[in-house]
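Every chain is numbered from 1 and lettered A, B, ... according to where its sequence line falls, protein lines coming before strand lines. Values below: every heavy atom of this structure, side chains too, minus hydrogens, waters and symmetry copies.
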Protein chains: 2
Amino acid sequence: MDISHAVSALSALAQESRLKVFRLLIRTGSKEMAAGDIARALGVPHNTMSSHLAILCRAKLVQARKAGRSVIYAVDLDGTRALLSFLVEDCCQGEPAVCGPVIESTLSACCSE
Amino acid sequence: MDISHAVSALSALAQESRLKVFRLLIRTGSKEMAAGDIARALGVPHNTMSSHLAILCRAKLVQARKAGRSVIYAVDLDGTRALLSFLVEDCCQGEPAVCGPVIESTLSACCSE
DNA sequence: TCTATATTTCCAGAATTATGGACATATCCC
DNA sequence: GGGATATGTCCATAATTCTGGAAATATAGA
């Protein structure tokens, strides 16, 4: 990932409706949601939501799939991983004690089995 | 962390100069840098950089400390952790197979001992 | 083909954010 | 105190992003 793509991805998330979409989709795990359902769930007009979803797609944070009249969205796990990795890349100069807790806590927020 | 703080933190990072500052500081590990050195390192005027640093501080992504005439900045690890955790919160509905690789890859970008 | 549904594209006004000159403050050393 | 250094604040202009009405596209079913 280069820095300009990272900026796009972070800009995509730096907007309340879009951040809500991302979190809504990440909470559904491997499930997916149609554009219209997302718009309804968050109370945003469908055309506004369509722009937001396009931005998230371009940023590779979500993926789209056509199914009949619907377009189904899901989190793009590869793109998400790339962004998180980019943020902490080369951190802590080989001293895991510094940033280890950051990663561990992220890990426990997710998949807290 | 509430969503509006997450949006502020993501907006803080969604700007090339500020993202560069964050990555510069995270790469230095537990080390720190003076405002002027950061500005010089990134080729940004000191007053512009000062605004950027204030935004990163408010977002709790970096911390400031006065030392004589200088102000020394470092990554705020607690704030960074809170942001990353918020992004993946409650993800994957207990199916670590889905998002586990995302976290593992983040872990290996950082502290790749 | 006609109609309803699902989504996207186009567009322009509103709102927000970025930038850096000029000036203010704060500290250090003589 | 006076001068040099380090950083921050104020502010106006420029640039970018947000929003949703209106129209377009695409698919499904009768």
Side-chain angles (χ1 to χ4, degrees), chain A residues 3-25 28 31-76, chain B residues 3-25 28 31-76:
Chain A
I3 191 154
S4 73
H5 178 234
V7 169
S8 304
L10 289 162
S11 302
L13 292 175
Q15 202 277 342
E16 188 162 324
S17 295
R18 291 195 300 257
L19 180 54
K20 283 180 177 169
V21 169
F22 179 80
R23 279 168 42 89
L24 178 62
L25 290 175
T28 69
K31 297 197 196 68
E32 310 165 304
M33 279 182 84
D37 291 337
I38 296 172
R40 240 167 282 119
L42 299 181
V44 172
H46 65 282
N47 55 348
T48 301
M49 182 53 75
S50 179
S51 317
H52 287 325
L53 289 168
I55 289 168
L56 286 165
C57 263
R58 257 180 268 129
K60 298 194 198 301
L61 292 165
V62 308
Q63 285 173 318
R65 173 171 75 76
K66 285 211 73 171
R69 277 175 290 195
S70 297
V71 178
I72 313 285
Y73 288 90
V75 168
D76 180 332
Chain B
I3 191 154
S4 72
H5 178 233
V7 168
S8 305
L10 290 161
S11 303
L13 291 175
Q15 200 278 342
E16 188 161 322
S17 295
R18 290 195 300 255
L19 180 54
K20 283 181 177 168
V21 170
F22 179 80
R23 280 168 42 89
L24 177 62
L25 290 176
T28 69
K31 297 198 195 68
E32 310 165 302
M33 278 182 85
D37 291 337
I38 296 172
R40 239 166 284 120
L42 299 180
V44 172
H46 69 98
N47 55 347
T48 301
M49 183 52 75
S50 179
S51 316
H52 286 326
L53 289 168
I55 289 168
L56 287 166
C57 263
R58 256 180 268 129
K60 298 194 197 301
L61 292 165
V62 308
Q63 286 174 320
R65 172 171 77 76
K66 285 211 69 171
R69 276 174 292 197
S70 298
V71 178
I72 314 285
Y73 288 90
V75 168
D76 182 331

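Nucleotides of DNA chain C nearest to A67(B) and M49(A) differ in position, and the one nearer the 5' end is that of M49(A). Heavy-atom distances to DNA chain D give each of G68(A) and S11(A) a nearest nucleotide, and the one nearer the 5′ end belongs to S11(A). Taking the nucleotide of DNA chain D with the nearest heavy atom to each of G36(B) and H46(A), the more 5' of the two is matched to G36(B). Residues R69(A) and A54(A) both approach DNA chain C. Their nearest nucleotides, taken by heavy-atom distance, put R69(A) toward the 5′ side.
Set against dT7(C), dT19(C), dG20(D), the side chain of A34(A) has dT7(C) as its closest nucleotide. Residue A35(A) has its side chain nearest to dT8(C) when only dA6(D), dT8(C), dA4(C) are considered. Checking dT27(D), dG8(D), dT8(C) against every side-chain atom of V71(A), the shortest atom distance belongs to dT8(C). In this structure, the nucleotide among dG20(C), dT7(D), dA18(C) sitting nearest to the side chain of N47(B) is dG20(C). When distances are taken from the side chain of T48(B) to each of dA28(D), dT19(D), dG20(C), the shortest belongs to dG20(C).
Atom CD in E16(B) sits roughly 13 Å away from atom C1' in dA18(C) (whole-Å rounding). A straight line from CD1 of I55(B) to P of dG8(D) spans 12 Å, rounded to a whole angstrom. Residue M33(B) contributes atom CE, which lies 14 Å from atom P of dA6(D) at whole-angstrom precision. Protein atom CD of E32(A) is 13 Å distant from nucleotide atom P of dT7(C), rounded to whole Å. I38(A) has its CD1 atom 9 Å from the P atom of dT8(C), to the nearest Å. For the pair L53(B) CG and dG8(D) C1', the computed distance is 11 Å after rounding to whole Å. In this structure, R65(B) places its CZ atom 12 Å from P of dT7(D), rounding to the nearest Å. When rounded to the nearest whole Å, the span between CG of L56(B) and C1' of dG8(D) equals 15 Å.
Of all heavy-atom pairs between A14(B) and L10(A), the closest is CB-C, 3.6 Å.
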Criterion side chain to side chain contact (heavy atoms under 4.5 Å, CB included) on I3(B) and K20(A), from CA distance to verdict: CA-CA 8 Å; I3(B) 191 154; K20(A) 283 180 177 169; 3.4 Å; yes
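For the pair Q15(B) and dT19(C), the criterion of a side-chain N or O lying under 4.0 Å from OP1 or OP2 is met. Phosphate proximity of dA18(C) to R18(B): present, with a side-chain N or O under 4.0 Å from OP1 or OP2. In terms of phosphate contacts, S70(B) brings a side-chain nitrogen or oxygen within less than 4.0 Å of OP1 or OP2 of dT7(D). Side-chain nitrogen and oxygen atoms of Y73(A) include none within less than 4.0 Å of the OP1 or OP2 phosphate oxygen of dA6(C).
Remark: side-chain polar atoms of S11(A) are paired, donor with acceptor, to backbone N or O of V7(A) under 3.5 angstrom. The backbone N or O of S17(B) lies less than 3.5 Å from no partner atom in the side chain of H52(B), so there is not a single donor-acceptor pair. In this structure a side-chain-to-backbone donor-acceptor pair under 3.5 Å is present from R18(A) to A12(A). In this structure a side-chain-to-backbone donor-acceptor pair under 3.5 Å is missing from S70(A) to K66(A).
Using a 4.0 Å heavy-atom distance criterion, S50(B) is classed as a base contact.
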